[in-house]
Amino acid sequence: MKPATLTPLLDLSESAAGSRVSYFVGGANLAEPAREVAAQLIADDGMRVACGNTLAFDSWRARRDGGAPHPSARRQAVETYASIAFGLPGAPPNTDHLQGHVAELIWNRVLGERETCMDGRRLVKAHSVKADPTEPGGDGLVIYRDSAGDLVFRLWEIKKHAATARISATINRASSQLEGRGHEYLAKLAAPETLTAEGELLDLYGEMVELWFDRSARAGVGVAVGTTKDNAPRDGRTFRSIRTRFPAFTSATQTEGLVVALPDFAGFADRVKEIVWSGL
């Protein structure tokens, strides 16, 4: 059976006390059989994001686990959902888009599993990443209750890094996006929630964009990157552009970072894709 959580497999280490950005780094030691367990978990998450609670998801799982081929219409439905991010055997996905989506799914899982933060925040809601990695808009939104009892949020930008340049350049690019377009991302994410949310959550979603412009103590940002272990950050200086772009977020925990640096990130993303295809 797959474990309930991914985080222990990544062996994440957190930033040192006094760091100006709160961050986690891990994944460099992920090896078999844990690597396969992680890939299976991320593939399952990817299809859950794509399919939701449709019958196609259950059918995909059954076929992945060795079940009978799908009836014609169900097979076409499963392929439709899978192809959004993972392509199909006859029409493979763009490599950059695939790796970017896997980075998003890893973030999705890790942040959803982090129920309590080092500053005492407790998880209330982690918004799911999008099924389509090419769709514009914000990548991640997480809501917490802080130690004072107030609801707070963090807006995240998620990237994959495969370039020869330092990973700090990718983090800077993500920070720049949040600085320039964060208010738009929040508007797109928060407004639909006001149609169904109630109570404190409704109030938070309703004022989220204003809290962002005010650089309120209830707002914050994060940048996550998926990459290969050779690009893993050596120290907190890798994340300093987050603080530089958002100097008004004065608490270190208002500026967060996550780097998951696997031994072979591209190969891991391909394995996730293969698992998805096994259920078609």
Side-chain angles (χ1 to χ4, degrees), residues 1-7 9 33-113 123 125-142 156 158 160 185 188-189 191-193 195-197 224 226 260 262 265-280:
M1 289 184 63
K2 295 185 293 293
T5 57
L6 174 68
T7 303
L9 303 179
R35 179 182 184 273
E36 178 63 16
V37 171
Q40 292 281 349
L41 190 58
I42 293 301
D44 198 81
D45 285 355
M47 285 300 285
R48 174 63 82 182
V49 169
C51 299
N53 289 325
T54 64
L55 293 174
F57 179 70
D58 292 332
S59 295
W60 171 81
R61 266 186 169 174
R63 179 62 173 156
R64 175 204 61 188
D65 294 341
H70 307 295
S72 178
R74 182 63 55 79
R75 174 182 56 79
Q76 293 178 78
V78 172
E79 289 179 348
T80 297
Y81 290 115
S83 67
I84 295 171
F86 298 100
L88 298 172
N94 175 283
T95 299
D96 287 340
H97 296 164
L98 171 66
Q99 293 177 16
H101 192 51
V102 169
E104 291 173 346
L105 291 168
I106 292 172
W107 172 90
N108 201 60
R109 167 65 61 164
V110 171
L111 268 289
E113 291 174 358
L123 180 66
K125 181 177 180 178
H127 283 240
S128 173
V129 296
K130 302 181 291 290
D132 185 350
T134 66
E135 184 179 324
D139 291 333
L141 176 63
V142 188
W156 285 75
I158 308 162
K160 65 92 180 175
Y185 296 162
K188 292 177 181 179
L189 289 164
E193 298 295 327
L195 301 175
T196 55
V260 175
L262 305 181
F265 185 81
F268 180 81
D270 282 339
R271 179 56 188 147
V272 171
K273 176 194 67 181
E274 291 168 0
I275 296 167
V276 169
W277 287 359
S278 73
L280 301 180

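Keep in mind that this is a model prediction, so the values were computed, not measured.
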Leu280 and Arg64: CA distance, side-chain angles, deciding distance, side chain to side chain contact (heavy atoms under 4.5 Å, CB included) verdict:
CA-CA 7 Å; Leu280 301 180; Arg64 175 204 61 188; over 6 Å; no
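- Here the closest heavy-atom approach between residue Gly112 and residue Ala126 is recorded as CA-CB, 4.3 Å.
- Between the side chain of Lys130 and the main chain of Val49, no donor-acceptor pair closer than 3.5 Å is present.
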Start with the C-alpha distance between Glu113 and Thr7, add both sets of side-chain angles, then the distance that settles side chain to side chain donor-acceptor pair (under 3.5 Å), and finish with yes or no.
CA-CA 7 Å; Glu113 291 174 358; Thr7 303; 2.4 Å; yes
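- One finds the NE2 atom of His127 at 13.5 Å from the CG atom of Asp139 (value rounded to the nearest 0.5 Å).
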Chi angles and distances behind the side chain to side chain contact (heavy atoms under 4.5 Å, CB included) call for Val272, Phe86:
CA-CA 9 Å; Val272 171; Phe86 298 100; 3.8 Å; yes
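- Taking all atoms of both residues into account, the shortest heavy-atom contact from Tyr81 to Cys51 is CB-SG, 3.6 Å.
- Distance check, rounded to the nearest 0.5 Å: CG of Leu123 to CG of Leu111 gives 8.5 Å.
- Rounding to the nearest 0.5 Å gives a distance of 13.0 Å between CD of Gln40 and CG of Leu6.
- Nearest heavy atom pair, residue Ala50 against residue Ala131, reads CA-CB, 3.9 Å.
- When atom types are taken as modelled, the side chain of Ser278 and the backbone of Ile275 share a donor-acceptor pair closer than 3.5 angstrom.
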List the atom pairs, donor and acceptor, that lie under 3.5 Å between side-chain atoms in residues 96-106 and the rest of the protein, sequence neighbours left out.
from	atom 1	to	atom 2	distance (Å)
Asp96	OD1	Lys160	NZ	2.8
His101	ND1	Glu104	OE1	3.3

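- When all heavy atoms are compared, the tightest approach of Ala82 to Val276 is CB-CG1, 3.9 Å.
- Looking at Trp107, its side chain never comes within 3.5 Å of a backbone N or O of Val260 through a donor-acceptor pair.
- Considering only heavy atoms from C-beta on, Asp45 stays 4.5 Å or farther from Asn108 through its side chain.
- The distance from atom CD of Glu79 to atom CD1 of Ile84, rounded to the nearest 0.5 Å, is 12.5 Å.
- Of the inter-residue distances, the one linking Phe57 atom CZ with Arg48 atom CZ reads 4.0 Å to the nearest 0.5 angstrom.
- Between Pro71 and Arg74, some side-chain heavy-atom pair lies under the 4.5 Å cut-off.
- Taking the charged nitrogens against the carboxylate oxygens, Glu193 and Lys125 do have a contact shorter than 4.0 Å, which makes a salt bridge.
- Going from atom NZ of Lys273 over to atom OG1 of Thr95 covers 7.0 Å, rounded to the nearest 0.5 Å.
- Between Arg63 and Gly67, the shortest heavy-atom distance links the atoms NH1-O, 2.8 Å.
- Closest approach of Trp277 and Pro93 over heavy atoms only: CZ2-CD, 4.1 Å.
- Taking 4.5 Å as the limit, some side-chain heavy atom of Asp44 sits within range of a side-chain heavy atom of Trp60.
- Residues forming a side chain to side chain contact (heavy atoms under 4.5 Å, CB included) with Arg35 (at least two apart in sequence, or on another chain): Leu30, Glu32, Phe268, Arg271.
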